[in-house]
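Since the structure comes first, as structure tokens, the remarks are kept for the end.
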Amino acid sequence: MHGMISQPPDTAKNLATSRVVLLLLVVMTGIAPISLYMLVPALPVLATTFGSDISVAQMTVSLYMVGIALSQLIMGPLSDRFRRRPVLLGGLALMVVASAACIFAETLPQLIAARFFQALGGAAGMVVSRAIIRDIYERDRVASMISLVVAALMIGQMVSPLSGGLIETAFGWRAIFYAITVAAIIVAVGIAFALPETRRDRAAGSGFRGDVGILIRNRAFVGYVMCQVLASQIIFTFAGGGPYIVVTQMGRTSAEYGAWFATTGFAYLVGNLLCVRFAPRHSLEKLIWFGLALQLCGSLLNLLWSFTGWNEAPAWLFGTQMIVMVGNAFVMANSAAGAISIRPEAAGTASGAMGFLQQGIGALMSQFGAYLGGHSATTLPLTAAVLAISLLCACTMIFVVPRREVMMSETLIEQAEEEESGMM
């Protein structure tokens, strides 16, 4: 059940150790989020160019995020049904067409619509890459490979706003979409020539409804997804409230906020790199509990600093949040690995559901965090919310996810029942 892909062992091993395949996993995961952040520095220019309010120009980002969420819900099941490569290539083809439409957009609504379809196609790489990782790696290596891909992606995301700003300054905002179009074509060519099909053979009669039914009835899957989604909400909530706290409450500049917020991204990167190192030697359950412990300790400390007033200075607030983010990386990578390993042949559906919930709920939690930060005079409401989410995240592991021994026993019972029915 938890083996490699349904190919000859040598082929599976070659894929798992191929640096080209690993590079493709990184770029196909990063093409959509990097394209999101590249345009952010050009938003004021867009508003001026089209004579619109900055809030309207912001929709090129907000609807892009909606497209990412919907893409994960659609592309995941499609990759289980029609295999990984066709869905990836189809998604990237849509991204190329939409990027070209962005280049020739004459009005802001046209650009917003094109950006939505750009995300819808490009985000196929985000959801399908997790499914491919589950296809070609054993269960206990999935978390470390997800962490490695995320670590490389984080580096790309850190430099993408700077790249977008430099391109816009030198060549204009349309040049950003020329760069995205070329990048999407290169990724598509790489997939076409260097990435073989990895999806395992499906049992006769299996399909989307059957996959969904089996997954939602599985306590382990529900628990891992809840744990992963809740952990991601810590990021969205803190990111939503952070600017108001630093700029409004603390009286610092937006540039200073950006520098402090980058420390949390660096901590998340460090957490993923540590997960890459430790995942091969420890079970994903132990690593999740380690991450939960760091999350709880960091969020509890930040709440205590709120009561004492110490984290009214950015160094205390963000320094302690860095502890939370290191733990967050462990929780998210390993709970994602657990979720997509429950039914490996439906890894795309599992990955898509998880990504959709993460992005969809994240949009709401970001607004919630902004409300907490913008309607209070201290950091207490925001840090209390982060602690509450951390506690809920831990509760899913305690009360929802069955112990590993119980999960193994249920698997053995199911196998025994299948063997007995086959004999009869």
Side-chain angles (χ1 to χ4, degrees), residues 28-76 78 87 90-128 153 156-157 160-161 163-165 167-168 173-181 183-184 229 232-233 235-237 239-240 243 352-371:
M28 75 173 70
T29 302
I31 187 75
I34 288 175
S35 300
L36 167 64
Y37 293 112
M38 283 186 71
L39 188 64
V40 170
L43 291 182
V45 176
L46 290 179
T48 302
T49 301
F50 291 107
S52 298
D53 188 82
I54 188 67
S55 61
V56 180
Q58 180 69 26
M59 292 182 67
T60 60
V61 172
S62 56
L63 278 186
Y64 191 98
M65 296 179 69
V66 174
I68 289 178
L70 290 177
S71 177
Q72 306 217 28
L73 193 63
I74 296 168
M75 299 299 182
L78 287 179
V87 173
L92 287 168
L94 176 59
M95 186 179 192
V96 170
V97 172
S99 298
C102 289
I103 294 172
F104 298 105
E106 296 295 333
T107 65
L108 196 52
Q110 290 177 2
L111 180 61
I112 292 169
R115 282 281 283 176
F116 172 79
F117 287 103
Q118 186 185 55
L120 196 66
M126 297 175 66
V127 60
V128 177
L153 173 61
Q157 287 182 343
S160 56
S163 302
I167 291 173
E168 189 280 322
W173 65 267
R174 294 183 192 273
I176 295 174
F177 295 109
Y178 279 105
I180 293 173
T181 303
V229 171
S232 68
Q233 302 317 304
I235 301 175
F236 287 110
T237 303
M354 185 167 53
F356 174 76
L357 290 173
Q358 178 182 321
Q359 296 288 332
I361 299 175
L364 298 176
M365 294 304 293
S366 178
Q367 290 296 114
F368 177 63
Y371 177 83

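Everything quoted here is computed from the prediction, not taken from an experiment.
Annotation for A184 and L92: closest pair O-CD2, 4.3 Å, computed over non-hydrogen atoms. Considering every non-hydrogen atom in both T237 and M365, the closest pair reads OG1-CE, 3.3 Å.
The distance from atom CD of Q233 to atom CD of Q358, rounded to the nearest 0.5 Å, is 7.0 Å. Within the model, atoms CD1 of I361 and OG of S232 stand 7.5 Å from one another, a figure rounded to the nearest 0.5 Å. Summarising the geometry, atom CD1 belonging to I68 is positioned 14.0 Å from atom CG belonging to L73; distances are rounded to the nearest 0.5 Å. In this structure, CZ on R174 lies 9.5 Å from CG on L46, to the nearest 0.5 angstrom. Of the inter-residue distances, the one linking E168 atom CD with M38 atom CE reads 11.0 Å to the nearest 0.5 angstrom.
Using a 4.5 Å heavy-atom threshold, the side chains of L63 and V66 count as touching. Counting heavy atoms from C-beta outward, L39 and F177 have side chains that approach closer than 4.5 Å. Residues M95 and I180 form a side-chain contact, since some pair of their non-hydrogen atoms from C-beta on lies under 4.5 Å apart.
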Side-chain polar contacts of residues 100-125 - donor-acceptor pairs under 3.5 angstrom, sequence neighbours left out - could you list them?
{"residue": "T107", "atom": "OG1", "partner": "Q110", "partner atom": "N", "Å": "3.3"}
{"residue": "Q110", "atom": "OE1", "partner": "E106", "partner atom": "N", "Å": "2.9"}
{"residue": "R115", "atom": "NE", "partner": "T60", "partner atom": "O", "Å": "3.2"}
{"residue": "R115", "atom": "NH1", "partner": "S35", "partner atom": "O", "Å": "3.2"}
{"residue": "R115", "atom": "NH1", "partner": "Q118", "partner atom": "OE1", "Å": "2.9"}
{"residue": "Q118", "atom": "NE2", "partner": "S99", "partner atom": "OG", "Å": "2.8"}

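Looking only at distances, no side-chain donor or acceptor of S71 sits under 3.5 Å from a matching main-chain atom of G67.
For residues 32-61, the set of pairs meeting the ring pair (Phe, Tyr, Trp, His ring centres under 6.0 Å) definition, not counting sequence neighbours, comprises F50-W173.
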